Amino acid sequence: MEVADLHPWPATPREAEEIQDRLRPMLDLDGPGPREPRTVAGLDVSYAGDGGGAGVRLAAAAVVLDTGSLEVVAERVVTGTAAFPYVPGLFAFRELPALVEALRALPVSPDLLVCDGYGLAHPRRFGLACHVGVLTGLPTIGIAKTGFIGSYDPPGRRRGDGSPLRDGGEVVGRVLRTRDGVRPVFVSVGHRVDLDTACHLALALTPRYRLPETTRRADRLSRDALAAR
DNA sequence: GCGACAG
DNA sequence: ATCTTGTCGC
């Protein structure tokens with residue numbers, strides 16, 4: 001599929017922040033977005049050894065599933081190196097080059113992209129899911145496993161229960177329970193999808209496990225590719 | 001000033 | 001993210 005170019009590429013954290021601020025206005029936050037996408041792609045990256053600085057070996061995977069059956073429609077994985085050190089708030093610059101390469105190799109263009117991390121729930125309102133959305137033009141959502149910014153009250157214990165994630169007086173996401181009695185995930189919108197639809201999709205992708213089937217598939221594929229060396 | 005801090 | 005043993009539970 002087609003993906004916009006990444007340049008200019010930042011050499012410093014300051015430049016990376018400027019890029020986020022410059023791309024932020026490109027976001028489409030009007031919903032509702034695809035409620036019944038036919039295909040959904042999951043993105044994830046695995047690292048070899050200590051994953052702190054730039055240059056460490058990594059593998060990025062994109063796995064496209066049929067939304068109804070959750071069967072794999074297409075998948076691509078590429079290996080490379082971390083393009084940026086890990087800095088909270090600039091996480092996207094670490095794996096974006098490899099993810100873009102994997103996406104470009106896909107023989108199909110998915111109806112939705114699910115990122116492992118945050119979208120709008122970000123210090124400058126431009127997390128990985130937003131960045132991927134602007135680059136691809138596709139609807140994107142972010143589903144993170146742990147907290148980053150914002151405050152919230154614990155959601156109810158049942159699958160489907162959720163509570164608003166608030167930051168600076170605004171709702172930037174939702175803490176959503178995808179399985180009964182299991183730790184919730186953090187859902188935020190990326191591009192061209194509203195929060196209710198994002199949570200609806202998150203639940204459709206978690207019929208059995210806490211994390212979306214898309215993320216689980218991409219995680220396994222990237223991990224295997226790394227091990228294959 | 002002191003923590004917290006997506007992956 | 002990744003490094004890791006044992007341990008609890010279905």
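Order of the sequence lines sets the chain letters (A, B, ...), proteins ahead of strands, with each chain counted from 1. Values in this document were obtained by computation on a predicted structure and should not be read as measured data.
- Under the 4.5 Å side-chain criterion, counting only non-hydrogen atoms from C-beta, A:F148 is in contact with A:P123.
- Among the atoms of the strands shown, none is found under 4.0 Å from any heavy atom of A:L43.
- Contact annotation for A:L128: base contact, defined as any heavy-atom pair under 4.0 Å involving a base atom.
- Regarding A:F148, its CZ atom lies at a distance of 10 Å from the P atom of B:dG7, rounded to whole Å.
- Taking the six-membered ring for Trp and thresholds of 30 and 60 degrees, A:F126 and A:H131 have ring planes inclined between 30 and 60 degrees apart.
- From A:C130, atom SG reaches atom CE of A:M26 across 13.0 Å, with rounding to the nearest 0.5 Å.
- The CG atom of A:L99 sits 14 Å away from the P atom of B:dG7 (whole-angstrom rounding).
- For the pair A:R179 and A:V185, the minimum side-chain heavy-atom distance is 4.5 Å or more.
- Side-chain contact check for A:R216 versus A:R208: every heavy-atom pair is 4.5 Å or farther apart.
- Distance from the side chain of A:D116 is smallest for B:dG7 among the nucleotides C:dT2, B:dA6, B:dG7.
- Neither OP1 nor OP2 of B:dA6 sits under 4.0 Å from any side-chain N or O of A:K145.
- A:F84 has its CZ atom 17 Å from the C1' atom of C:dA1, to the nearest Å.
- Summarising the geometry, the separation between OH on A:Y152 and P on B:dA6 is reported as 12 Å, rounded to the nearest angstrom.
- Residues from residues 165-187 of chain A with heavy atoms under 4.0 angstrom of DNA chain B: there are none.
- Following rounding to the nearest Å, A:D44 (CG) and C:dT2 (C1') show an atom-to-atom distance of 13 Å.
- Counting any heavy atom pair closer than 4.0 Å across all strands shown, A:G89 reaches a base atom.
- At a threshold of 4.5 Å between non-hydrogen side-chain atoms, the residues A:K145 and A:R210 count as touching.
- Side-chain N/O atoms of A:T146 include one lying less than 4.0 angstrom from OP1 or OP2 on B:dG7.
- One finds no side-chain N or O of A:Y86 lying less than 4.0 angstrom from the OP1 or OP2 phosphate oxygen of C:dA1.
- Here the P atom of nucleotide B:dA6 and the CG atom of A:D219 are 17 Å apart, to the nearest Å.
- For A:L58 and C:dA1, the CG to P distance is 13 Å, given to the nearest whole Å.
- Once the 5.5 Å centre distance and the 30° plane angle are applied, the aromatic ring of A:Y47 is found not to be stacked with the base of C:dA1.
- Contact of the A:L58 side chain with the A:R94 side chain is not registered, since no non-hydrogen atoms from C-beta on lie closer than 4.5 Å.
- The separation between A:R124 atom CZ and B:dA6 atom C1' is 13 Å, rounded to whole Å.
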